[in-house]
Amino acid sequence: MQLSETRKMLIPFAEIVLKTMDVNQVAANVGGAAEYILMEFYGWKKNGKVGNEKGYDAVDQQGNKIEIKGMSNESKNNYVAYSHEGKGGKYDFLTILHFNEKRVATIPIYEIENFISENKLPGRKTKSLRLNFNDPLLTKLGKPRKKSLFQALFLKYEDKKFTF
């Protein structure tokens, strides 16, 4: 891909821009990097469609629609930026790349829908998808830790061969 004139002009400013970004700007760039990294690693094609075909980022070799989410330690937030009301039903797999951990999982939509329906809290429309790899999955009594339920789902579908 050739760089546009504007992109070429931005190259000398890349380091200073990275140093001065706020947390939200970093998160947006991690999301963009996650899309690129995963498409390159898996050979997925970018979704260039608009309108009703929005709601997923890539298509795999079998034609499955992939929604890609990236997260990092920059924001000190353990939640994947995801809204099921906005994205649910528009993709086949949700792929999450934890940038700092260099870990990825590709989770089928039915698992996301089951997780959300089983973990809805009263007065909340969507259960947040929380990942904190420092949290134990089980309590001291051996029961599943509620705040680590999504992490267990991530680990179930984690691609141990992934690297970047």
Side-chain angles (χ1 to χ4, degrees), residues 6-7 10-42 44 46-47 50 54-58 60 65-109 111-139 144-164:
T6 303
R7 293 170 194 234
L10 284 169
I11 291 172
F13 302 100
E15 187 174 344
I16 191 68
V17 169
L18 285 169
K19 287 179 181 177
T20 59
M21 284 181 179
D22 66 30
V23 172
N24 292 329
Q25 290 169 321
V26 172
N29 281 275
V30 166
E35 288 183 21
Y36 173 79
I37 291 165
L38 294 170
M39 284 187 238
E40 285 292 310
F41 185 82
Y42 292 112
W44 298 338
K46 185 162 182 63
N47 174 19
V50 295
K54 289 179 95 174
Y56 61 96
D57 299 303
D60 70 12
K65 298 172 184 174
I66 313 292
E67 174 62 9
I68 298 171
K69 291 293 178 186
M71 64 181 297
S72 72
N73 294 338
E74 181 84 13
S75 67
K76 310 283 189 255
N77 183 334
N78 295 320
Y79 296 92
V80 178
Y82 174 83
S83 166
H84 195 65
E85 284 100 17
K87 296 289 185 176
K90 296 181 180 177
Y91 63 87
D92 301 303
F93 293 92
L94 174 62
T95 299
I96 301 165
L97 170 61
H98 194 296
F99 193 74
N100 293 88
E101 298 285 335
K102 296 185 178 181
R103 297 173 80 165
V104 69
T106 298
I107 307 168
I109 182 67
E111 290 275 29
I112 298 296
E113 289 172 345
N114 287 344
F115 175 82
I116 288 172
S117 68
E118 290 172 5
N119 294 290
K120 271 191 181 174
L121 299 174
R124 289 181 65 187
K125 294 180 181 176
T126 302
K127 171 70 177 160
S128 295
L129 308 184
R130 184 178 187 278
L131 281 179
N132 183 349
F133 296 108
N134 295 320
D135 282 347
L137 294 176
L138 302 175
T139 66
R145 186 175 301 280
K146 284 205 180 277
K147 67 180 183 177
S148 297
L149 292 175
F150 183 73
Q151 181 177 321
L153 185 59
F154 181 97
L155 296 174
K156 177 180 176 181
Y157 288 97
E158 183 174 10
D159 181 352
K160 298 286 190 182
K161 295 178 182 175
F162 173 78
T163 186
F164 75 91

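Counting from 1, the numbers follow the sequence of the chain as shown.
- Atom CG in Leu38 sits 5.0 Å away from atom CD1 in Ile68 (nearest 0.5 Å).
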Quiz item: What's the verdict on side chain to side chain contact (heavy atoms under 4.5 Å, CB included) for Ile112 and Tyr91, showing C-alpha distance, side-chain angles and the deciding distance?
Solution: CA-CA 11 Å; Ile112 298 296; Tyr91 63 87; 3.7 Å; yes

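- Among the candidates Ile116, Ile107, Leu155, Asn132, the single residue satisfying the side-chain contact (heavy atoms from CB on, under 4.5 Å) test with Phe150 is Ile107.
- Contact detail for Glu74 and Asn100: the closest heavy-atom pair is N-OD1, 4.4 Å.
- With values rounded to the nearest 0.5 angstrom, Ser148 atom OG is found 9.5 Å from Leu131 atom CG.
- At a threshold of 4.5 Å between non-hydrogen side-chain atoms, the residues Val104 and Ile96 do not count as touching.
- Asp57 has no carboxylate O lying under 4.0 Å from a charged side-chain N of Lys69, or vice versa, which leaves the two without a salt bridge.
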Quiz item: After noting the C-alpha distance and the side-chain angles of Ile11 and Arg7, does the key distance pass the side chain to side chain contact (heavy atoms under 4.5 Å, CB included) rule?
Solution: CA-CA 7 Å; Ile11 291 172; Arg7 293 170 194 234; over 6 Å; no

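- Between Asn73 and Phe99 there is no side-chain heavy-atom pair separated by less than 4.5 Å.
- Closest of all the heavy-atom pairs between Gly70 and Val30 is C-CG1, 4.2 Å.
- Once rounded to the nearest 0.5 Å, the distance linking CZ of Phe93 with NZ of Lys65 reads 13.0 Å.
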Exercise. Would you please test Phe41 and Tyr36 for side chain to side chain contact (heavy atoms under 4.5 Å, CB included) and show each step?
Key: CA-CA 9 Å; Phe41 185 82; Tyr36 173 79; over 6 Å; no

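- Between atom CZ of residue Arg145 and atom CG of residue Asp135 there is a gap of 7.0 Å, rounded to the nearest 0.5 Å.
- Tested against Thr106, the residues Asp60, Asp92, Asp159, Thr95 include a single side chain to side chain donor-acceptor pair (under 3.5 Å) partner, Thr95.
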Self-check item: Worked verdict on Lys90 versus Glu67 for side chain to side chain contact (heavy atoms under 4.5 Å, CB included)
Solution: CA-CA 8 Å; Lys90 296 181 180 177; Glu67 174 62 9; over 6 Å; no

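- Between Lys160 and Glu158, at least one side-chain nitrogen of the basic residue sits less than 4.0 Å from a carboxylate oxygen of the acidic one, meeting the salt-bridge criterion.
- The aromatic rings of His98 and Phe133 sit perpendicular to each other, their planes meeting at more than 60°, with 30° as the lower class boundary.
- A parallel orientation is assigned to the rings of Trp44 and Tyr42, their planes being inclined by less than 30° (bins at 30° and 60°).
- Cation-pi geometry between Arg103 and Phe154 is not satisfied (NZ or CZ under 6.0 Å from the ring centre, within 45° of the ring normal).
- Stacking of Lys102 on the aromatic ring of Phe162 is not recorded, the 6.0 Å distance cut-off and the 45° axial limit not both being met.
- Side-chain atoms of Met21 and Leu18, non-hydrogen and from C-beta on, do get closer than 4.5 Å to each other.
- In this structure, CD1 on Ile66 lies 9.5 Å from CG on Leu94, to the nearest 0.5 angstrom.
- How far OH of Tyr79 is from CZ of Arg130: 5.0 Å, rounded to the nearest 0.5 Å.
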